[in-house]
Amino acid sequence: VQLAESGGGLVQAGGSLRLSCSASGRTSDIDTTGWFRQAPGKQRELVAGISSTGTTNYATAVKGRFTIFRDNARNTLYLEMNSLKPEDTAVYYCKAVVVVVTLEGRRTFDYWGQGTQVTVSS
């Protein structure tokens, strides 16, 4: 599975951006997908996730402002970001979890995109 993010950029506080993550390869094996972010000097953190059944979860800091959704026909994951704040500035990464079930059991594999920079100016 290969992931490619796009849509990052520079925006003023209060503005909006939509990130996209296009998947290729064995996309039929993808289970859960999500967005993470990493600000300078900080650890990578979960922003939002969406399961194969459409169940979503969000970090407290972005609830009510960000929306994650996926278009399975286009193999694309999105993150709609509204009311952006300077503290949202980070590199945003897309992640996909592939689940493989064999006679020996269940294994998961994590795939990451290269990241896209989001900068929110005050």
Side-chain angles (χ1 to χ4, degrees):
V1 174
Q2 295 79 43
L3 304 173
E5 300 100 333
S6 61
L10 173 64
V11 65
Q12 288 189 331
S16 300
L17 280 175
R18 175 181 288 190
L19 304 183
S20 300
C21 174
S22 179
S24 59
R26 296 188 62 170
T27 57
S28 59
D29 292 335
I30 294 176
D31 187 75
T32 302
T33 54
W35 290 94
F36 288 70
R37 67 186 181 187
Q38 187 167 20
K42 294 188 177 181
Q43 288 189 332
R44 191 173 297 189
E45 62 178 2
L46 173 68
V47 176
I50 183 167
S51 72
S52 58
T53 58
T55 300
T56 59
N57 64 290
Y58 296 91
T60 301
V62 307
K63 276 184 182 177
R65 299 188 297 122
F66 291 9
T67 302
I68 186 171
F69 58 101
R70 55 200 274 181
D71 183 337
N72 291 329
R74 296 177 183 270
N75 293 318
T76 304
L77 176 72
Y78 299 94
L79 184 68
E80 185 75 32
M81 305 186 295
N82 298 313
S83 302
L84 283 161
K85 304 175 181 180
E87 50 264 43
D88 294 319
T89 295
V91 177
Y92 284 69
Y93 298 90
C94 171
K95 176 182 177 181
V97 178
V98 168
V99 177
V100 178
V101 179
T102 69
L103 291 176
E104 296 179 343
R106 182 176 183 271
R107 295 182 63 186
T108 61
F109 300 87
D110 294 345
Y111 296 89
W112 292 90
Q114 81 287 353
T116 184
Q117 176 70 47
V118 172
T119 303
V120 184
S121 62
S122 56

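This chain uses plain numbering: 1 for the first residue, then up along the sequence.
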Chemist: Once you round to the nearest 0.5 Å, how far does CD of E80 lie from OG of S16?
Modeler: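 Going from CD on E80 over to OG on S16, the span is 6.5 Å.
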
Chemist: Got R106 and V99 here, is their nearest side-chain heavy-atom distance under 4.5 Å?
Modeler: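 Yes, close enough: below the 4.5 Å cut-off.
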
Chemist: Quick check on side-chain contact (heavy atoms from CB on, under 4.5 Å): which of V11, V120, L17, V47 does D88 satisfy it with?
Modeler: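 Filter result, single survivor: V120.
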
Chemist: So do V91 and Y93 actually touch side chain to side chain, heavy atoms under 4.5 Å?
Modeler: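 Contact flag for Y93/V91 side chains = yes.
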
Chemist: Can Q2 and S24 be counted as having a side-chain donor-acceptor contact under 3.5 angstrom?
Modeler: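 Yes, because at least one side-chain N or O of Q2 sits under 3.5 Å from a partner of the opposite role on S24.
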
Chemist: Considering non-hydrogen atoms only, spot the tightest contact between T53 and S51 and give its length.
Modeler: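 That closest heavy-atom pairing would be OG1-OG, 2.9 Å.
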
Chemist: For the CD atom of Q114 and the CD atom of E5, what is their distance to the nearest 0.5 Å?
Modeler: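 Answer rounded to 0.5 Å: 4.5 Å.
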
Chemist: For the residue pair I30 and A23, what are the closest heavy atoms and their distance?
Modeler: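 Nearest heavy atoms, I30 then A23: CD1-CB, 4.0 Å.
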
Chemist: After noting the C-alpha distance and the side-chain angles of I68 and L77, does the key distance pass the side-chain contact (heavy atoms from CB on, under 4.5 Å) rule?
Modeler: CA-CA 8 Å; I68 186 171; L77 176 72; 3.8 Å; yes

Chemist: Measure the spacing between OG1 of T32 and CZ of R70 and express it to the nearest 0.5 Å.
Modeler: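 Here the interatomic distance stands at 7.5 Å.
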
Chemist: Using side-chain heavy atoms (C-beta onward) and a distance below 4.5 Å, is C21 in contact with W35?
Modeler: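 A side-chain contact exists here, since the closest heavy-atom pair is under 4.5 Å.
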
Chemist: Can you sort out the partners of F69 under ring-ring contact (aromatic ring centres under 6.0 Å, His included), two or more places apart, ordered by chain and number?
Modeler: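 In terms of ring-ring contact (aromatic ring centres under 6.0 Å, His included), with neighbours along the sequence ignored, F69 is linked to Y78.
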
Chemist: For P86 versus A13, what's the shortest heavy-atom pair and its separation?
Modeler: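 Looks like CD-CB, 4.1 Å.
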
Chemist: In the structure I gave you, are the side-chain heavy atoms of F109 and V1 within less than 4.5 Å of one another anywhere?
Modeler: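 No. Closest side-chain heavy atoms not under 4.5 Å.
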
Chemist: Would you say the ring centers of W112 and F36 fall short of 6.0 Å from each other?
Modeler: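 For W112 and F36, the ring centres are under 6.0 Å apart.
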
Chemist: Considering residues at least two apart in sequence or located in another chain, which fulfil the side chain to side chain donor-acceptor pair (under 3.5 Å) criterion with T119?
Modeler: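 Partners of T119 by the side chain to side chain donor-acceptor pair (under 3.5 Å) criterion, ordered by chain and then number, come out as Q117.
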
Chemist: Assess, by modelled atom type and distance only, whether the side chains of T76 and D71 contain a donor and an acceptor separated by less than 3.5 Å.
Modeler: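 No, no side-chain donor-acceptor contact under 3.5 Å.
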
Chemist: From T108 OG1 over to D29 CG, what is the distance, rounded to the nearest 0.5 angstrom?
Modeler: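 With rounding to 0.5 Å, OG1 (T108) is 12.5 Å from CG (D29).
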
Chemist: Can L84 be reached from L79 by stepping across I, L, V, M, F, W or Y side chains whose heavy atoms are under 4.5 Å apart?
Modeler: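 Result: yes, single cluster for both.
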
Chemist: Answer yes or no: is there a side-chain heavy-atom contact under 4.5 Å between T116 and L19?
Modeler: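 The answer is yes; the side chains approach within 4.5 Å.
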
Chemist: Can you tell me how far CG of L3 sits from OG of S22, rounded to the nearest 0.5 angstrom?
Modeler: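 Reported to 0.5 Å precision, the distance equals 8.5 Å.
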
Chemist: Which pairs, with at least one residue in residues 38-54 and sequence neighbours excluded, count as a salt bridge (charged side-chain N to carboxylate O under 4.0 Å, His left out)?
Modeler: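 Qualifying pairs: R37-E45.
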
Chemist: Same cluster or not: are Y58 and Y92 linked, directly or through other Ile, Leu, Val, Met, Phe, Trp or Tyr residues, by side-chain heavy atoms under 4.5 angstrom apart?
Modeler: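 Same hydrophobic cluster.
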
Chemist: For the OG1 atom of T56 and the CD1 atom of I50, what is their distance to the nearest 0.5 Å?
Modeler: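 Reported value, rounded in 0.5 Å steps: 6.5 Å.
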
